[in-house]
Amino acid sequence: MATAMDWLPWSLLLFSLMCETSAFYVPGVAPINFHQNDPVEIKAVKLTSSRTQLPYEYYSLPFCQPSKITYKAENLGEVLRGDRIVNTPFQVLMNSEKKCEVLCSQSNKPVTLTVEQSRLVAERITEDYYVHLIADNLPVATRLELYSNRDSDDKKKEKDVQFEHGYRLGFTDVNKIYLHNHLSFILYYHREDMEEDQEHTYRVVRFEVIPQSIRLEDLKADEKSSCTLPEGTNSSPQEIDPTKENQLYFTYSVHWEESDIKWASRWDTYLTMSDVQIHWFSIINSVVVVFFLSGILSMIIIRTLRKDIANYNKEDDIEDTMEESGWKLVHGDVFRPPQYPMILSSLLGSGIQLFCMILIVIFVAMLGMLSPSSRGALMTTACFLFMFMGVFGGFSAGRLYRTLKGHRWKKGAFCTATLYPGVVFGICFVLNCFIWGKHSSGAPPSRASGPRGGLMVPCLQVPFPTMVALLCMWFGISLPLVYLGYYFGFRKQPYDNPVRTNQIPRQIPEQRWYMNRFVGILMAGILPFGAMFIELFFIFSAIWENQFYYLFGFLFLVFIILVVSCSQISIVMVYFQLCAEDYRWWWRNFLVSGGSAFYVLVYAIFYFVNKLDIVEFIPSLLYFGYTALMVLSFWLLTGTIGFYAAYMFVRKIYAAVKID
């Protein structure tokens with residue numbers, strides 16, 4: 001038997017992985033070395049807003065454009081996330097300062113925004129849109145300096161530096177709208193150690209911006225596209241009047257600073273969290289509570305079961321046993337096949353598919369192989385893994401379907417391959433139709449016709465070729481693999497049930513109120529939800545407020561606790577049900593085990609009301625459409641975990657008693 005010292009190295013390894021995930025860099029991504037005055041390309045990603053949840057392309061607004069617009073070839077994950085990476089006219093050279101440079105200025109003339117363009121810019125500013133740029137694959141961030149010691153002297157005030165992703169397009173003040181038309185770029189470089197006879201090389205390790213709003217009259221531009229910024233705070237901001245044309249300059253400046261941060265740790269700044277101590281405390285508290293409750297449940301159920309089995313196996317008390325009520329009395333019906341066995345096995349097969357995909361993705365991300373620097377890698381990996389895990393989902397569904405006395409394996413395989421993915425695709429398609437309608441109402445041209453590119457929504461507003469590619473992956477990869485797994489699973493020996501099923505079903509006595517299915521869902525969902533609701537807040541923030549999520553070490557631990565708690569709650573619920581002489585546990589256990597999905601739905605509604613400022617119909621529809629997919633997937637996942645735990649438990653206890 002392994003001692004505590006044997007487990008100590010593995011515990012330390014897991015702990016170190018949890019703590020160092022943010023610093024461990026993704027393999028296969030090589031740093032780019034720059035020499036003095038080498039061009040550092042500034043690219044635009046998209047415009048986002050947590051109020052509307054509708055990302056737009058960068059050139060959907062009348063920003064200055066380069067002579068030739070070039071879009072980066074995106075991977076599947078980037079397309080589904082809504083990234084449209086495009087070049088910009090900013091000219092930045094390595095370690096070369098620029099005090100003030102004018103963009104898209106011809107003959108020293110300012111840019112004129114039409115009434116329609118002014119109205120569009122003003123609308124985006126009032127909707128709190130952020131602009132996202134990247135330099136050497138590093139996203140731009142705006143520095144926020146918060147003072148922690150407010151009541152002390154100014155000299156003793158400590159700055160709490162935080163960063164928000166991107167920069168605000170503009171701001172409003174006293175019913176007036178102002179545009180950030182000047183960007184002060186601050187780039188940090190790390191000087192690499194070289195030999196004496198070699199030229200120094202530099203690596204970009206941070207990308208910050210200070211957005212400013214400066215009106216046309218306060219900017220002095222010359223014919224060489226240079227400009228002079230006003231000194232101090234004497235300037236007024238650039239107002240955008242949506243009812244008339246507006247003239248302004250788009251300008252920028254570049255400042256370089258040397259940094260001690262090495263290239264491998266350059267993402268740590270973006271992943272810094274202000275409430276990391278609260279996160280630590282909450283996770284540890286959740287872990288302790290769940291393990292404590294799980295231990296109590298395990299002790300109670302084990303002691304009760306041992307007593308039951310000992311009583312049932314006493315040969316001299318057979319007559320007394322038959323008069324008692326208990327789970328042994330339903331041994332002739334407990335393995336009776338349920339209604340709709342094909343649908344049940346199909347849903348459980350999709351649950352196995354989800355379980356394998358999520359487990360591998362979280363584990364690989366915990367090792368640092370899905371860093372945020374690899375844009376779209378997480379979603380691309382998840383999509384392909386779900387397709388390839390179809391063979392395991394099909395195998396488990398086929399074997400269970402045969403155990404439940406099913407015969408039409410081809411129809412069952414097709415149901416497994418299309419039921420859950422079909423629902424997901426259908427919801428996404430319906431939401432896409434709404435977005436296309438909103439897209440067409442603004443009538444922006446497509447990417448091919450110019451920079452006034454279109455509306456994007458992650459995972460929904462995707463180009464038609466990408467949608468066709470997803471369908472081809474579904475029917476060309478996932479469906480054949482599901483059929484393959486289902487064929488071998490159906491041919492394999494079915495699960496060996498320890499007792500035979502009677503020909504005549506046993507009458508089920510009237511059940512107490514607390515055995516109601518909905519009450520069971522409410523009771524069973526509390527413990528699993530308590531294990532992961534802390535992480536749920538950070539996951540929702542990453543999805544809906546454009547934050548980075550990187551604590552995959554924590555997430556892996558929470559996932560393990562979720563599996564344990566779902567299994568134990570499922571076992572307890574099925575034990576109570578069998579003790580009440582109700583042998584119809586197949587569907588009920590699957591539904592009740594996924595009860596935590598109901599609490600996820602309630603939390604999503606709470607988050608929508610209290611954390612987000614979404615008021616329009618389309619963004620609200622998108623939010624609840626995404627939430628429906630999340631709740632459905634979470635219900636399949638937890639329901640599958642609980643079902644198989646309960647099935648193993650039921651087979652185990654009935655194999656332990658003597659049946660005449």
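- Ion pairing between a basic and an acidic side chain is recognised when a charged N comes within 4.0 Å of a carboxylate O; Arg215 and Asp218 show such pairing.
- If you look at Phe533 and Tyr603, their ring centroids are not closer than 6.0 Å.
- A side-chain donor-acceptor contact under 3.5 Å links Gln117 to the backbone of Thr114.
- Phe207 has its ring centre no less than 6.0 Å from the ring centre of Tyr188.
- The aromatic ring centroids of Tyr58 and Tyr71 lie 6.0 Å or more from each other.
- Side chains of Tyr129 and Thr52: a donor on one and an acceptor on the other come within 3.5 Å.
- Judged purely by atom type and a 3.5 angstrom limit, Ser265 has no side-chain atom pairing as donor or acceptor with the backbone of Ile261.
- With values rounded to the nearest 0.5 angstrom, Thr201 atom OG1 is found 11.5 Å from Gln36 atom CD.
- Using a 4.5 Å cut-off on side-chain heavy atoms (C-beta onward), Val121 and Pro62 make contact.
- Of the inter-residue distances, the one linking Lys244 atom NZ with Leu113 atom CG reads 12.0 Å to the nearest 0.5 angstrom.
- Counted within 6.0 Å of CZ on Phe608, heavy atoms from surrounding residues, nucleotides or ligands total more than 12; the atom is thus considered enclosed.
- Ring centers of Phe250 and His182: at least 6.0 Å apart, outside the cut-off.
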When you look at Thr48 and Lys46, which way does the side chain to side chain contact (heavy atoms under 4.5 Å, CB included) test go after all the steps? CA-CA 6 Å; Thr48 63; Lys46 57 186 173 182; 3.7 Å; yes
Quick one, Tyr130 with His165, criterion side chain to side chain contact (heavy atoms under 4.5 Å, CB included). Give me CA distance, side-chain angles, the key distance, then yes/no. CA-CA 8 Å; Tyr130 282 73; His165 307 299; over 6 Å; no
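- The distance from atom OG1 of Thr627 to atom OH of Tyr607, rounded to the nearest 0.5 Å, is 11.0 Å.
- The environment of Lys98 atom NZ is dense: over 12 non-hydrogen atoms of other residues, nucleotides or ligands sit within 6.0 angstrom.
- The aromatic rings of Phe425 and Trp474 sit tilted, their planes meeting at an angle between 30° and 60°.
- Between Tyr252 and Phe90, the ring planes lie perpendicular to each other; the angle is over 60°, past the 30° to 60° tilted range.
- Between Leu536 atom CG and Phe634 atom CZ the span is 7.5 Å, to the nearest 0.5 Å.
- Residues Ala135 and Ile42 approach most closely at CB-CD1, 3.5 Å, considering heavy atoms.
- Ionic pairing of Glu127 and Arg51 is not present here: no N-O contact between side-chain nitrogen and carboxylate oxygen is shorter than 4.0 angstrom.
- Rounding to the nearest 0.5 angstrom, the gap separating the OG1 atom in Thr142 from the CG atom in Leu183 is 9.5 Å.
- Using cut-offs of 30° and 60° for the angle between ring planes, the Trp256 and Tyr189 rings count as tilted.
- A donor-acceptor contact under 3.5 angstrom links the side chains of His255 and Glu97, judged on distance only.
- In terms of modelled atom types and a separation under 3.5 Å, the side chain of Arg203 and the main chain of Phe34 share no donor-acceptor contact.
- The shortest distance between side-chain heavy atoms of His180 and Leu169 does not fall below 4.5 Å.
- Atom CZ of Phe624 has more than 12 heavy atoms from other residues, nucleotides or ligands within 6.0 Å.
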Show your reasoning for whether side-chain hydrogen bond (donor to acceptor under 3.5 Å, both in side chains) applies to Tyr56 and Ser49. CA-CA 9 Å; Tyr56 288 88; Ser49 169; over 6 Å; no
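- In summary, of the residues considered (Thr70, Ile134, Thr88), a side-chain contact (heavy atoms from CB on, under 4.5 Å) with Lys43 occurs for Ile134 alone.
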What do the steps show when you test Ile186 against Val209 for side chain to side chain contact (heavy atoms under 4.5 Å, CB included), and what is the final call? CA-CA 6 Å; Ile186 305 174; Val209 66; over 6 Å; no
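- Applying the side-chain contact (heavy atoms from CB on, under 4.5 Å) test between Leu555 and each of Ile358, Val361, Ile539 identifies Ile539 as the sole match.
- Contact annotation: the side chain of Leu612 approaches that of Trp544 to within less than 4.5 Å [non-hydrogen atoms, C-beta and beyond].
- A pairwise comparison of heavy atoms in Asn87 and Tyr59 identifies O-OH, 2.7 Å as the closest pair.
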What's the verdict on side chain to side chain contact (heavy atoms under 4.5 Å, CB included) for Phe617 and Phe434, showing C-alpha distance, side-chain angles and the deciding distance? CA-CA 10 Å; Phe617 172 72; Phe434 281 96; 4.0 Å; yes
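- Residues Arg206 and Asp136 are not paired through a salt bridge, judged by the lack of any N-O separation under 4.0 Å between the basic side chain and the carboxylate.
- In this model, a donor atom of one side chain and an acceptor atom of the other lie less than 3.5 Å apart for Ser118 and Asn246.
- In this structure, Val364 and Thr381 have side chains that are not in contact, with every pair of non-hydrogen atoms separated by 4.5 Å or more.
- Atom CG in Leu133 sits 12.5 Å away from atom CG in Leu138 (nearest 0.5 Å).
- Aromatic ring centres of Phe171 and Tyr178: separated by under 6.0 Å.
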